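Excluded from the calculations below are hydrogen atoms, water molecules and symmetry mates; all remaining heavy atoms, backbone and side chain alike, are included. All of these numbers come straight from a predicted model, not from anything done at the bench.
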Number of protein chains: 2
Amino acid sequence: MPRQVDHDERRRRLTEALLRIAGTRGLRAVSMREIAAEAGVSLRVVQYYFTNKQALLESGLTELGARMDRRVKRRAAAMGELTPRGVFAAVLGTILPFDEQSTLDSMAWTAYYTAALTDPALAAVGLTLPNALENFLTVRLTAAQQAGDITPDRDPRTEVAGLLALANGLTSSVLSQQRSYEAATKIIDYHLDRLFGPEIS
Amino acid sequence: MPRQVDHDERRRRLTEALLRIAGTRGLRAVSMREIAAEAGVSLRVVQYYFTNKQALLESGLTELGARMDRRVKRRAAAMGELTPRGVFAAVLGTILPFDEQSTLDSMAWTAYYTAALTDPALAAVGLTLPNALENFLTVRLTAAQQAGDITPDRDPRTEVAGLLALANGLTSSVLSQQRSYEAATKIIDYHLDRLFGPEIS
DNA sequence: ATCGTTAGGATACGGCTGTATCCATTCGGG
DNA sequence: CCCGAATGGATACAGCCGTATCCTAACGAT
């Protein structure tokens, strides 16, 4: 075998190139040739490592989910001991675009989200992370409720759904520059105060 | 002049065809020829009444805003006397996709929103309605606060921003079938209860 | 050394895109 | 009556798209 090459590494580079384009110029600017140019390779290489454009697109969506997952874990680890409220602050704060990279990823995520509304194949891949987040937070909030951290009259799943919808909506408004990241963070903190009571600091 | 034709009416039909495509198959499926087919006319007619594809796209976005505006007013009128809470229920309830037509429009709106993130011309057109809504509701909420309908410790603009972000996020989750319209409505009502106190009915 | 597989360069194909052009028909004002 | 403007049908164009094909170079195992 000649010039043995790490296929996974090649695919990773191509996927990253794809997400760079999607994050800056939108999914509609993503073409095989553009990806090749962005990654600094020939069109043939893109074709060689991905059977389809569809496969490439799905790879991009999967990578976006993985990045979000990593960011949540990194942020949670940086916070040290995790109160129930801390878990929510970590997850919701990670959904918002808080630096350049996460802004690009949020843009790409939004593009994918929209594409998934009219593309069932993407929808299947794209809903796994949001659903996992909702389930994870619901489990945590239910436990927090049993521990007495929030009042018993709240419905955990409803609260979680509302908070995630709020974070997503705020992400939209930050991306379209209607609001700053700081303003969005304040709104989330405000809602967490209402749920958990004021932060102990 | 031969066969004098109502240009505005022609343009309206073409714009409606465009929005039908955008709402069902996404903005990426919108092409001059597809619009022509959907409207039952020839390609030339589409070219004749719109100088550009860009002009056509902007016309679609403007029409989407006008439809939302009409819906809000219709709903507000149907509610009769408008308490401050009623105004919010009308506006936020209208943002959610509540029937087939508004679902199609929400889909199209989402597609436009995403496109606007990487297309400044669309962004300029698309931000007017959201900003108008935010300002309108903020004025109303400020007045309600001065009338004693909500407690003085709330910041009207922050509350409005949060509620609009919530409604937008819920719209996303309804469109992607993560949640039903009824579930989304409950979440909004719940937050309105927190703001205005429980509904008097 | 050579054979066979792997990696990719070069190029081509049919289809769709937005836009432009050419031309025929229609009809109201003189 | 008929001329000229309004309307729109038919067609063409260059460019990009995803995909397929052909061919060559590199190199490990035999």
Side-chain angles (χ1 to χ4, degrees), chain A residues 1-22 24-61 111-112 114-115 118-122 125, chain B residues 1-22 24-61 111-112 114-115 118-122 125:
Chain A
M1 301 134 195
R3 197 170 352 163
Q4 202 70 352
V5 153
D6 184 342
H7 281 220
D8 285 341
E9 200 269 347
R10 276 274 202 276
R11 272 190 270 267
R12 222 196 58 230
R13 283 195 186 284
L14 291 172
T15 302
E16 285 167 1
L18 153 57
L19 291 181
R20 246 173 285 138
I21 300 172
T24 50
R25 289 182 288 145
L27 262 188
R28 57 169 287 135
V30 169
S31 76
M32 302 288 236
R33 284 165 238 257
E34 281 296 328
I35 294 171
E38 175 70 30
V41 298
S42 77
L43 169 60
R44 185 67 230 278
V45 172
V46 182
Q47 287 188 281
Y48 192 78
Y49 290 99
F50 287 93
T51 57
N52 256 351
K53 187 185 184 181
Q54 186 69 23
L56 198 28
L57 286 177
E58 290 174 15
S59 162
L61 188 45
Y112 266 109
T114 301
T118 52
D119 180 340
L122 286 181
V125 181
Chain B
M1 301 128 194
R3 196 168 356 164
Q4 202 70 351
V5 153
D6 184 342
H7 281 221
D8 285 340
E9 200 269 348
R10 276 272 202 276
R11 273 190 271 266
R12 222 195 58 229
R13 285 195 184 283
L14 291 172
T15 302
E16 285 168 0
L18 153 56
L19 290 181
R20 247 174 283 139
I21 300 172
T24 51
R25 289 181 288 145
L27 261 188
R28 57 168 288 133
V30 170
S31 75
M32 301 288 232
R33 283 164 239 259
E34 282 294 329
I35 294 171
E38 175 70 29
V41 298
S42 78
L43 169 60
R44 186 67 231 278
V45 172
V46 182
Q47 287 189 281
Y48 192 77
Y49 290 99
F50 287 93
T51 58
N52 255 352
K53 187 185 183 182
Q54 187 69 24
L56 199 27
L57 286 178
E58 290 173 16
S59 160
L61 188 45
Y112 266 108
T114 302
T118 52
D119 181 340
L122 286 182
V125 182

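- At least one donor-acceptor pair closer than 3.5 Å links the side chain of B:Asp6 to the backbone N or O of B:Glu9.
- Residue pairs meeting the salt bridge (Lys or Arg N to Asp or Glu O under 4.0 Å) criterion with at least one partner in residues 48-60 of chain B, sequence neighbours excluded, do not occur; the list is empty.
- Residues forming a side chain to side chain donor-acceptor pair (under 3.5 Å) with B:Arg20 (at least two apart in sequence, or on another chain): B:Glu38.
- Rounded to whole Å, atom P of C:dG18 lies 20 Å from atom OH of B:Tyr49.
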Pairs under 3.5 angstrom, nitrogen or oxygen only, protein versus nucleotides 10-14 of chain D, please.
none

- Steps toward side chain to side chain contact (heavy atoms under 4.5 Å, CB included) verdict (A:Leu19, A:Tyr112): CA-CA 10 Å; A:Leu19 291 181; A:Tyr112 266 109; 4.0 Å; yes

Would you tabulate the side-chain donor-acceptor contacts of residues 39-46 of chain B under 3.5 Å, counting partners in other chains and residues two or more places apart, or write 'none'?
from: B:Ser42; atom 1: OG; to: B:Arg44; atom 2: N; distance (Å): 3.3

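- For A:Arg25, the side chain to side chain donor-acceptor pair (under 3.5 Å) partners are A:Glu34, not counting sequence neighbours.
- Nearest to the side-chain atoms of B:Ser31 among the listed nucleotides C:dT17, D:dT7, D:dG9 stands C:dT17.
- Remark: B:Arg10 is not in phosphate contact with D:dT7, judged by side-chain N or O atoms under 4.0 Å from OP1 or OP2.
- Put simply, CG on B:Asp6 is 14 Å from C1' on D:dT7, counting in whole angstrom units.
- Take A:Thr118 and apply the side chain to side chain donor-acceptor pair (under 3.5 Å) test, not counting sequence neighbours, and it matches no residue.
- Remark: B:Arg33 engages no residue in a salt bridge (Lys or Arg N to Asp or Glu O under 4.0 Å) (not counting sequence neighbours).
- Taking atom CG of B:Leu14 as the reference point, atom P of D:dT7 lies 14 Å away to the nearest angstrom.
- Remark: P of D:dT7 and OH of B:Tyr48 are 4 Å apart, rounded to the nearest angstrom.
- B:Phe50 comes within 4.0 angstrom of nothing in the nucleic acid, heavy atoms only.
- Separating the CD1 atom of A:Ile35 from the C1' atom of D:dG18 is a distance of 11 Å, rounded to the nearest angstrom.
- Residues of residues 51-59 of chain B having a heavy atom closer than 4.0 Å to DNA chain D: none are found.
- As rounded to whole Å, 14 Å separates atom P of D:dC17 from atom CG of A:Leu18.
- Take B:Arg28 and apply the side chain to side chain donor-acceptor pair (under 3.5 Å) test, not counting sequence neighbours, and it matches no residue.
- Atom CE of A:Met32 and atom C1' of C:dT11 are 16 Å apart (whole Å).
- One finds no side-chain N or O of A:His7 lying less than 4.0 angstrom from the OP1 or OP2 phosphate oxygen of C:dT6.
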